[in-house]
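Report on one structure; see the data block that follows.
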Number of protein chains: 2
Amino acid sequence: MQRTMAKRPLPPADHHAARFARQREADRTATAEDYVELIADLLREEGEARAVDLARRMGVSQATVTATVGRLQRDGLVETKPYRGLFLTPSGQEMARTAKARHELVVRFLIAVGLDPETAETDAEGLEHHASEKALAAFARFLAEREDGGR
Amino acid sequence: MQRTMAKRPLPPADHHAARFARQREADRTATAEDYVELIADLLREEGEARAVDLARRMGVSQATVTATVGRLQRDGLVETKPYRGLFLTPSGQEMARTAKARHELVVRFLIAVGLDPETAETDAEGLEHHASEKALAAFARFLAEREDGGR
DNA sequence: ATGATAACTTAGCCTAGGCTTAGTTTCGGA
DNA sequence: TCCGAAACTAAGCCTAGGCTAAGTTATCAT
């Protein structure tokens with residue numbers, strides 16, 4: 001049995017470094033995922049995703065949206081038709097699909113462990129980018145068990 | 001009853017924007033927390049926290065550590081005595097204390113919902129910065145119940 | 001059909017957080 | 001004691017992601 005006190009020695013340095021590297025990697029993709037997810041939502045709910053709406057919903061200036069969308073375009077995730085909104089490339093759609101699924105899963109999980117839906121939604125925004133596949137699998141398992149046990 | 005399909009309409013734009021703002025705020029403090037937490041760990045476990053060890057454990061160059069530590073110093077979290085390592089100011093210690101508590105809580109929670117300890121540790125690194133107070137409270141509640149039920 | 005308004009872009013600036021390469025300092029062992 | 005290796009700093013560069021202010025350009029309503 002492990003000690004309960006926070007006295008476990010530090011992990012080996014390279015191990016430790018790998019965690020932070022994963023972390024930085026996740027940070028780099030987080031913005032792309034947020035934009036792509038939001039574009040997909042807007043396309044679905046409003047029929048179009050205009051830069052001005054993205055700016056409004058992200059709480060950011062239009063200039064920032066222009067710059068970010070430029071990077072997304074460079075990375076093959078988004079296409080633009082000025083004054084006709086933004087569109088997702090196939091790989092953008094793919095990213096949006098998995099991002100949304102992840103988001104939904106995290107929200108449902110947070111609610112299941114006792115968070116109110118509004119806070120769950122807010123927190124999911126931050127947490128969804130940092131949960132590993134293993135963690136997501138554990139969340140899904142937890143939800144499945146919860147549903148079985150509940151009936 | 002709400003629809004189960006992901007068809008809930010988008011939240012109001014300002015609402016939506018506020019979530020992302022919180023998010024960006026958390027991102028800004030994440031690096032500081034990671035450094036301060038690691039410095040505290042090194043001081044506790046090794047007796048000193050040298051820049052070179054931070055670099056090794058963060059997986060980053062020494063120059064990057066110098067720059068980051070400069071910002072931490074500017075922000076009143078850290079003090080340096082060259083060749084004698086890094087030290088935390090009272091407010092740095094405070095930050096380390098709460099960061100560590102949060103980290104421990106998230107790890108224990110992740111293990112409780114079925115993650116293996118190693119992955120829990122890795123994921124906690126990313127998740128701890130993005131869980132709200134409400135979420136942390138929910139995690140703690142969950143663990144408490146779990147312990148009651150378990151006996 | 002044209003002109004005001006709204007949408008979008010450009011330019012220029014900033015900070016955080018990375019990097020490498022090239023110095024400085026300090027410490028410790030011969 | 002002194003000198004080489006290790007620790008640290010400095011300089012200069014880069015990208016992402018923010019900002020404002022100043023253009024452009026489409027669209028739509030008259």
Side-chain angles (χ1 to χ4, degrees), chain A residues 13 17-39 42 46-87 125-126 129, chain B residues 13 17-39 42 46-87 125-126 129:
Chain A
R19 286 186 199 157
F20 286 114
R22 263 190 87 270
Q23 187 54 28
R24 288 191 293 269
E25 176 61 27
D27 284 343
R28 270 216 312 287
T29 56
T31 303
E33 289 177 349
D34 283 338
Y35 270 72
V36 158
E37 199 178 339
L38 181 50
I39 290 168
L42 286 167
E46 319 269 309
E48 60 179 5
R50 291 170 144 2
V52 67
D53 295 321
L54 253 78
R56 204 147 25 221
R57 299 200 103 89
M58 300 290 306
V60 124
S61 75
Q62 281 194 39
T64 295
V65 169
T66 298
T68 305
V69 166
R71 284 188 290 270
L72 299 179
Q73 225 168 342
R74 178 200 61 193
D75 297 343
L77 296 167
V78 159
E79 277 163 8
T80 67
K81 307 185 187 174
Y83 295 90
R84 304 194 41 204
L86 308 172
F87 301 88
E125 211 69 76
H129 304 296
Chain B
R19 288 187 200 157
F20 286 113
R22 261 189 90 273
Q23 188 54 28
R24 288 192 292 268
E25 177 60 28
D27 285 341
R28 271 215 312 283
T29 57
T31 302
E33 289 177 348
D34 283 338
Y35 271 71
V36 159
E37 200 177 338
L38 181 50
I39 290 167
L42 286 168
E46 319 268 310
E48 60 179 2
R50 290 170 155 319
V52 67
D53 296 320
L54 253 79
R56 203 146 28 221
R57 298 199 105 87
M58 300 290 306
V60 125
S61 75
Q62 280 193 41
T64 296
V65 169
T66 299
T68 305
V69 166
R71 284 188 290 272
L72 298 179
Q73 224 168 341
R74 177 200 61 191
D75 297 343
L77 296 166
V78 161
E79 276 163 9
T80 69
K81 307 186 185 171
Y83 295 88
R84 303 194 41 205
L86 308 171
F87 301 89
E125 211 69 76
H129 304 296

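Proteins get letters first, then strands, A, B, ... in listed order; numbering begins at 1 in each.
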Does a side-chain N or O from [X] land closer than 4.0 Å to OP1 or OP2 of [N], or not?
| X | N | answer |
| --- | --- | --- |
| R50(A) | dT27(D) | no |
| T66(A) | dT9(C) | yes |
| T31(A) | dG17(D) | yes |
| T64(B) | dG17(C) | no |
| R74(B) | dA16(C) | yes |
| R71(B) | dG17(C) | yes |

Without decimals, in angstroms, what is the distance between [X] [atom1] and [N] [atom2]?
| X | N | atom1 | atom2 | value |
| --- | --- | --- | --- | --- |
| Q23(A) | dA16(C) | CD | C1' | 15 Å |
| E33(A) | dA16(D) | CD | P | 16 Å |
| K81(A) | dT9(C) | NZ | P | 15 Å |
| Y83(A) | dT24(D) | OH | P | 12 Å |
| L54(B) | dG17(C) | CG | P | 14 Å |
| R28(B) | dG17(C) | CZ | P | 10 Å |
| Q62(B) | dG23(C) | CD | P | 17 Å |
| L86(A) | dA7(C) | CG | P | 13 Å |

Contact class for [X] vs. all strands (heavy atom < 4.0 Å): base, sugar-phosphate, or nothing?
| X | answer |
| --- | --- |
| S61(B) | base |
| A63(B) | base |
| V60(B) | sugar-phosphate |
| A51(B) | sugar-phosphate |

- Message: Quick test of your reading of the model: are D27(B) and R24(B) salt-bridged, counting only N-O distances below 4.0 Å?
- Response: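 No, this pair does not count.
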
- Query: Hey, are E25(A) and R28(A) close enough for a salt bridge, meaning a charged N less than 4.0 Å from a carboxylate O?
  - Reply: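 A salt bridge links E25(A) with R28(A).
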
- Task: Give the C-alpha distance, both sets of side-chain angles, the deciding distance and a yes or no for side chain to side chain contact (heavy atoms under 4.5 Å, CB included) between L77(B) and R71(B).
- Result: CA-CA 9 Å; L77(B) 296 166; R71(B) 284 188 290 272; over 6 Å; no

- Query: Roughly how far, to the nearest 0.5 Å, is CD of E79(A) from CZ of R84(A)?
  - Reply: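 Result: 12.5 Å between the selected atoms.
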
- Message: Would you compute the distance between atom CD1 of I39(A) and atom CG of L72(A) and round it to the nearest 0.5 angstrom?
- Response: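 Result: 6.0 Å between the selected atoms.
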
- Message: From the set dG18(C), dC27(C), dG18(D), return the single nucleotide nearest to any side-chain atom of R24(A).
- Response: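 The listed nucleotide nearest to R24(A)'s side chain is dG18(C).
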
- Item | Toward the 5' end of DNA chain D, by each residue's nearest nucleotide, R84(A) or M58(A) |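 With M58(A) and R84(A) compared, the 5'-side residue is M58(A).
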
- Task: List the steps, then state whether side chain to side chain contact (heavy atoms under 4.5 Å, CB included) holds for L38(A) with L42(A).
- Result: CA-CA 6 Å; L38(A) 181 50; L42(A) 286 167; 4.1 Å; yes

- Message: Assuming nearest nucleotide by heavy-atom distance, tell me which of P82(A) and D27(B) is located more 5' along DNA chain C.
- Response: P82(A)

